[in-house]
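See structure below.
Proteins get letters first, then strands, A, B, ... in listed order; numbering begins at 1 in each. This structure is a prediction, so every number in the text was calculated from the model and none was measured.
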Amino acid sequence: MAGVRGEIDTEALLAELTEPQRQAVTHTDGPLLVLAGAGSGKTRVITRRAAYLASEVARPREVLAITFTNKAADEMRNRIVGLGVGRDMTVCTFHSLCARLLRIHHERAGLAPNFTIFDQDDRRNVVKQAVRACELDPKNWPAGPIEGRISNAKNEMLTPEAFAEQASGYYDGVIARIYTAYQQILAEQQGVDFDDLLMRMALLLAEDDQLRDRLEDRYRYVLIDEYQDTNDAQYNITHLLTERRRNLCATGDPDQSIYGWRGANIGNILRFEQDHENAVVVRLEQNYRSTKRILAAASSLIAANIHRKEKTLWTENAEGRRVRQVDCPDGEGEGQFIAGEIAKAIADGRPPSDVAVFYRINALSLDIELALRRAGIAYQVARGQAFYGRKEIKDLLAYVRVLVNPAETTSLRRIINTPPRSIGKTTLGKLDAEAARSGRSLYDVVMDSAAREALGRGSDKVGRFAELLRTLQPLVVGPAAKALTEAFSQSGLRASLVGEERADEVPLENVENLIAEAEKYDRQQPEGSVIGWLEETSLLSDVDSIDDTAGAVTLMTLHAAKGLEFPVVYIIGVEEGLLPFRREADGPADVEEERRLCFVGMTRAKEELTLCHARYRVRHGQTLRNVRSEFLRDLPSDEIERCDDDPDASDGGFAVAERGTRGPEDWLPGVFVLHDEYGIGVIRSIRSWGALNHATVAFEDGEEHSFILEYSDLTRLEPDEIG
DNA sequence: CTACCGGATTTTTTT
DNA sequence: AATCCGGTAG
């Protein structure tokens, strides 16, 4: 039986599927939740399902599939095309979908057609401007927390007005003022931040019935992947798009919810059945990815979470090697150990691309990078954002952004004296004053020859800059690479970079790579534009930069690793304070989410898994003493092979007391202790300060106290001593 | 207007 | 440790 469209072989779509997989693929109408455990063949199910829908009940263009990253979207699209479905299915991320729709329906959304997307850096910049506009001291109002507040507000779809209404207390009142100013600056600059993309789309869908109907008719079947990591705005968009037909298929795994800190609401997936009457739920619990031992270790870890829907993964795969736990003296030793292991594996015929190294924070990649470089092993770091953060790249992008969106004063200020053209503070101040006086944008003032006359000495220089912008302006309608190349050379940026070199990096080459990327875009999107390229570039994620064909070891954060798989996986920095990550400043860490994060990392491994921890780690230029992670205690100890990178230090991460007053294995999180005054308590965490170890202990009355282990009179209790 | 100095700040994770 | 910011000197 062939599909109705003829080109697709339906039988092939259903071949080699287990019963639950088949059910997920062939369920057509009504809400469907696929609870897909790690490695349970979810991608296969989703792609086949999308193809099945496009063959049996809809046209490809009527299917909308939303993924978490652009890379995942590209892969899914390619696989669907490989199944014989035409290219016109919409497969993208929430953010790119919203950007595209808001661009098309900009008028309804109250946006300029050429709005630009503000990234993290831009957002920080605007927050600082907003704080200044509110006449607050930036020292008392640091940008970071404010960004978080504004972001949360937007995730909850609170506009500045709505936020101000529900704000209570002094702090929130001020935040409301800053948020208002922030939004005002964005509006002036025709800028939209990441959260705006979602919030504006959700609000637009909620209030514009006509548009909602049109989109519902267009996207008759909607698939959302990684549903456990959707936030409230995304939830609203999803529901507004599927209200009438209810053809929503959500896939995900509550055990892999790792974005709570940015507003993801795990409740979205947990409440799916309550939210959707008659929802069909399919569970995929057979793992096809990992060895029995890897799966056992990961399952054992995640079982330690208390707030959890029970789920048991199983596999028919081979037993495999034991999961290893390696104790390293320090970060450098850890890097050397891993580089040595990888070099051995490569010598044995293992392709470098089989191997991945994961870490909790980007800073940890440095030691590994250094060691791999020394060992001559090719590697790539998933850090696309960092590339776009480079000065020369930002400079050139600022030119393009001004061409696309002249209202973007921030970019204009960036380039007006980059490269140096002797337009300094004084001149800029005069231009600003004139803009404020006449109510025009900075750009308009710069381009106004009459206004320039009044500048005095700076007049000529600004005149030449205006001339430059005028020459470049027509390039917005042409291909992206052309605009970049011309802006680069005509602005004098190129000349200023020639011969520049910093820390084994050549800025000129970076720009050339950027232009090469633009050329690729121009080839792939002949209908594209500079605006389109800029939009795509703004929405790139870290993993989007990794190249599967590079033949290199891959380094990335645990967050970026979501959805990927590698035969050989190393997780480094499995230490208290790092994984689970804790910072004194912000309250207690969400240990369950951290544990899920570790679980995500472990379940990426197909054949071999190694968890490393170091006893000393350099952070902010200071050497810290680290204790191995409490998560390691959740692993089945008889299944784990313990290795020691440094034979003289077999006590490993447990070497707590250098003064010899305390036994090495005795002082760990989770250990019960007795204190003369406070009674029985349990150690929450151990931190090292110089040579001393501080323990935070939670007591029965709920109080927490900190002690210096070497000096305190805490007594350790054996498990059988606890009544 | 640029160049340089010293102090503050940084790094949690990201679309 | 490395970078960024603001202030001051030239």
So, is [X] near the phosphate of [N], with a side-chain N or O under 4.0 Å from OP1 or OP2?
| X | N | value |
| --- | --- | --- |
| A:Thr69 | B:dT15 | no |
| A:Asn155 | B:dT15 | no |
| A:Asn362 | B:dT13 | yes |
| A:Ser541 | B:dT15 | yes |
| A:Ser538 | B:dT15 | no |

Among [options], the nucleotide that comes nearest once only the side chain of [X] is considered:
| X | options | answer |
| --- | --- | --- |
| A:Ile361 | B:dT11, B:dT2, B:dT15 | B:dT11 |
| A:Phe194 | B:dT15, B:dT13, B:dC1 | B:dT15 |
| A:Thr557 | B:dT15, B:dT2, B:dT13 | B:dT13 |

Would you check if the side chain of A:Asn305 reaches a backbone N or O of A:His307 as a donor-acceptor pair within less than 3.5 Å?
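The answer is no, because no donor-acceptor pair under 3.5 Å joins these two groups.
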Look at the rings of A:Phe566 and A:Phe358 and say which category their plane angle falls in: under 30° parallel, 30 to 60° tilted, over 60° perpendicular.
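Because their plane-to-plane angle is over 60°, the rings of A:Phe566 and A:Phe358 count as perpendicular.
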Looking at DNA chain B, which of residues 93-106 of chain A put a heavy atom within less than 4.0 Å of it?
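Residues of residues 93-106 of chain A that come under 4.0 Å of DNA chain B are, in numerical order, A:Thr93, A:His95.
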For DNA chain B, find the residues of residues 222-235 of chain A with a heavy-atom distance under 4.0 Å and give them by number; none if there aren't any.
none
Using atom [atom1] of [X] as one end and atom [atom2] of [N] as the other, report the distance to the nearest whole Å.
| X | N | atom1 | atom2 | value |
| --- | --- | --- | --- | --- |
| A:Asp195 | B:dT14 | CG | C1' | 11 Å |
| A:Lys394 | C:dT3 | NZ | P | 15 Å |
| A:Phe68 | B:dT15 | CZ | P | 7 Å |
| A:Lys562 | B:dT15 | NZ | C1' | 11 Å |

For the base of B:dT13 and the side-chain ring of A:Trp261, does the geometry meet a stacking cutoff of under 5.5 Å between centres and under 30° between planes?
yes
Let me know which of A:Arg123, A:Gln120, A:Lys154, A:Gln183 forms a side-chain hydrogen bond (donor to acceptor under 3.5 Å, both in side chains) with A:Asp193.
A:Lys154
So does A:Glu575 pair up with A:Arg628, basic N to acidic O under 4.0 Å?
no
